J.: 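If you scroll down you'll find the structure; I have some questions about it.
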Amino acid sequence: ALAPLLDSWARAGYVVASPTFPLTAKDGSGDSLRSESVDQAADLRAVIDAVTRASRTQGDPLSGRVDVERVGVAGMSLGGLAVYALISNSCCKESRVDAAIVMAGVRREFPDERYGRNDAPVLLLQGDADPGYHNSVDAYPELAPPKWFVTLHGSRHAPPFEVPNGPEAPFVRTGTRDFWD
């Protein structure tokens, strides 16, 4: 669903690894279990490990193509929650992350852990017609600079990022590439 956005990053010269979380365990009310957030952040760390290893392995298609000193992570919705974990939660903070994009990200507490200072610059993007808009509004003041929060006026949860794209998608593609640059 994110292919056009991720393809725009790849066309700009970035190596893009796009893991999916095919199954997310949920509670009786339909919310993802808190433990899933920790597991998904660990999955992202495993992807960073795999891409780093591949970049250092002679003969691998990624050999020498990844700047492992400049790692960015991005996530949409629950993927955004995993990104919050990597940049600022005591459960999962990852020192190799140098920049982060959270798109319509969910933000909630983790089991037995707490949010702290992020060291990586972060860009939040979310539509103000998204019922979860409060997640970005609440998270932004707690993030350390440099940080940016882009409100997509009139946008709902998925159209700025996922197929089928809304009219704001070209802006999101350009803005996120500018942030990576």
Side-chain angles (χ1 to χ4, degrees), residues 1-22 24 26-27 29-32 34 36-37 40-41 44 70-89 92-94 97-110 114-181:
L2 294 170
L5 176 59
L6 303 180
D7 288 345
S8 77
W9 297 347
R11 282 191 307 278
Y14 293 98
V15 174
V16 178
S18 178
T20 58
F21 306 120
T24 300
K26 298 186 178 193
D27 64 19
S29 66
D31 290 331
S32 65
R34 304 276 194 249
E36 288 289 288
S37 303
Q40 290 176 354
L44 292 180
R70 295 174 62 193
V71 174
V73 293
M76 192 256 171
S77 196
L78 283 175
L81 181 57
V83 169
Y84 280 128
L86 287 184
I87 65 168
S88 64
N89 197 281
C92 316
K93 194 165 180 181
E94 174 55 63
V97 173
D98 298 300
I101 297 175
V102 177
M103 301 170 286
V106 172
R107 188 165 188 269
R108 59 174 79 118
E109 296 304 315
F110 287 75
R114 65 178 184 77
Y115 284 102
R117 180 181 169 81
N118 56 290
D119 298 319
V122 62
L123 170 65
L124 307 181
L125 298 114
Q126 189 146 11
D128 59 5
D130 180 343
Y133 180 65
H134 65 90
N135 287 295
S136 292
V137 170
D138 295 344
Y140 186 74
E142 295 180 21
L143 295 167
K147 61 183 179 175
W148 296 266
F149 178 11
V150 176
T151 296
L152 303 164
H153 294 290
S155 295
R156 299 199 50 80
H157 188 66
F161 318 106
E162 292 186 338
V163 173
N165 285 147
E168 61 283 275
F171 168 79
V172 169
R173 288 183 201 131
T174 300
T176 54
R177 283 192 314 264
D178 288 347
F179 175 77
W180 292 136
D181 289 346

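We use all heavy atoms of the structure for the numbers below, so side chains are in, but hydrogens, waters and symmetry mates are not. Source: prediction; values computed, not measured.
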J.: Does Thr176 reach the main-chain N or O of Arg173 with its side chain, forming a donor-acceptor pair under 3.5 Å?
T.: yes
J.: Which label fits Tyr14 and Trp180: parallel for a plane angle under 30°, tilted from 30 to 60°, or perpendicular past 60°?
T.: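 It falls in the tilted class, 30° to 60°.
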J.: Can you see which heavy atom on Pro167 is nearest to which on Pro170, and at what distance?
T.: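 Scanning both residues completely, I find the closest heavy atoms to be O-CD, 3.3 Å.
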J.: Which heavy atom of Leu44 sits nearest a heavy atom of Ala82, and at what distance?
T.: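 Leu44 and Ala82 have their closest heavy atoms at CD1-CB, 3.6 Å.
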J.: Pair Tyr84, Asn89 - check side chain to side chain contact (heavy atoms under 4.5 Å, CB included), show working.
T.: CA-CA 7 Å; Tyr84 280 128; Asn89 197 281; over 6 Å; no
J.: Could you report the tightest heavy-atom contact between His157 and Met76, atom names first, then the distance?
T.: O-CE, 3.5 Å
J.: Can you tell me how far apart CG (Leu124) and OG1 (Thr151) are? Round to the nearest 0.5 Å.
T.: 9.0 Å
J.: Any idea which heavy atoms bring His153 and Asp128 closest together, and the distance?
T.: ND1-OD2, 3.0 Å
J.: Is there side-chain contact between Val83 and Ile101, with heavy atoms separated by less than 4.5 Å?
T.: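 No. Closest side-chain heavy atoms not under 4.5 Å.
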J.: Which heavy atom of Ala10 sits nearest to which heavy atom of Val16, and what is that distance?
T.: N-CG2, 3.9 Å
J.: Where do Asp130 and Ala104 come nearest, in terms of heavy atoms and distance?
T.: OD2-CB, 3.7 Å
J.: Would you find a donor on one side and an acceptor on the other, under 3.5 Å apart, between the side chain of Arg156 and the backbone of Ala129?
T.: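 Indeed, once roles are kept as given, a pair shorter than 3.5 Å links the two residues.
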J.: Would you compute the distance between atom OG of Ser88 and atom CZ of Arg114 and round it to the nearest 0.5 angstrom?
T.: 10.5 Å
J.: Counting C-beta onward and ignoring hydrogens, is there a side-chain heavy-atom pair between Phe179 and Pro121 closer than 4.5 Å?
T.: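 Yes, at least one pair of side-chain atoms sits under 4.5 Å.
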J.: For Arg11, give me all partners under side-chain contact (heavy atoms from CB on, under 4.5 Å), at least two apart in sequence or on another chain.
T.: Asp7, Ser8
J.: Given side chains that start at C-beta, do those of Pro4 and Asn165 come closer than 4.5 Å, heavy atoms only?
T.: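 Yes, close enough: below the 4.5 Å cut-off.
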J.: If you define the side chain from C-beta out and look only at heavy atoms, does anything of Val172 sit under 4.5 Å from Leu152?
T.: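 The answer is yes; the side chains approach within 4.5 Å.
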J.: Contact between Leu81 and Arg108 at the side-chain level, heavy atoms closer than 4.5 Å - yes or no?
T.: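 Sidechains of Arg108 and Leu81: in contact.
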J.: I want to check something: taking the side chain as every heavy atom from C-beta on, are Val137 and Phe149 in contact at a cut-off of under 4.5 Å?
T.: yes
J.: Using modelled atom types and a 3.5 Å cut-off, is there a donor and acceptor pairing between side-chain atoms of Lys147 and backbone atoms of Glu142?
T.: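 Side chain of Lys147 to backbone of Glu142, a donor-acceptor pair under 3.5 Å: no, none is there.
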J.: Do the non-hydrogen side-chain atoms of Leu5 and Met103 ever get within less than 4.5 Å of each other?
T.: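 A side-chain contact exists here, since the closest heavy-atom pair is under 4.5 Å.
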J.: Donor-acceptor pair, distance only, cut-off 3.5 Å: does the side chain of Asn135 make one with the backbone of Arg107?
T.: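 Confirmed, Asn135 side chain pairs with Arg107 backbone.
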J.: Do Ser155 and Gln126 make a side-chain contact, defined as non-hydrogen atoms from C-beta onward lying under 4.5 Å apart?
T.: no
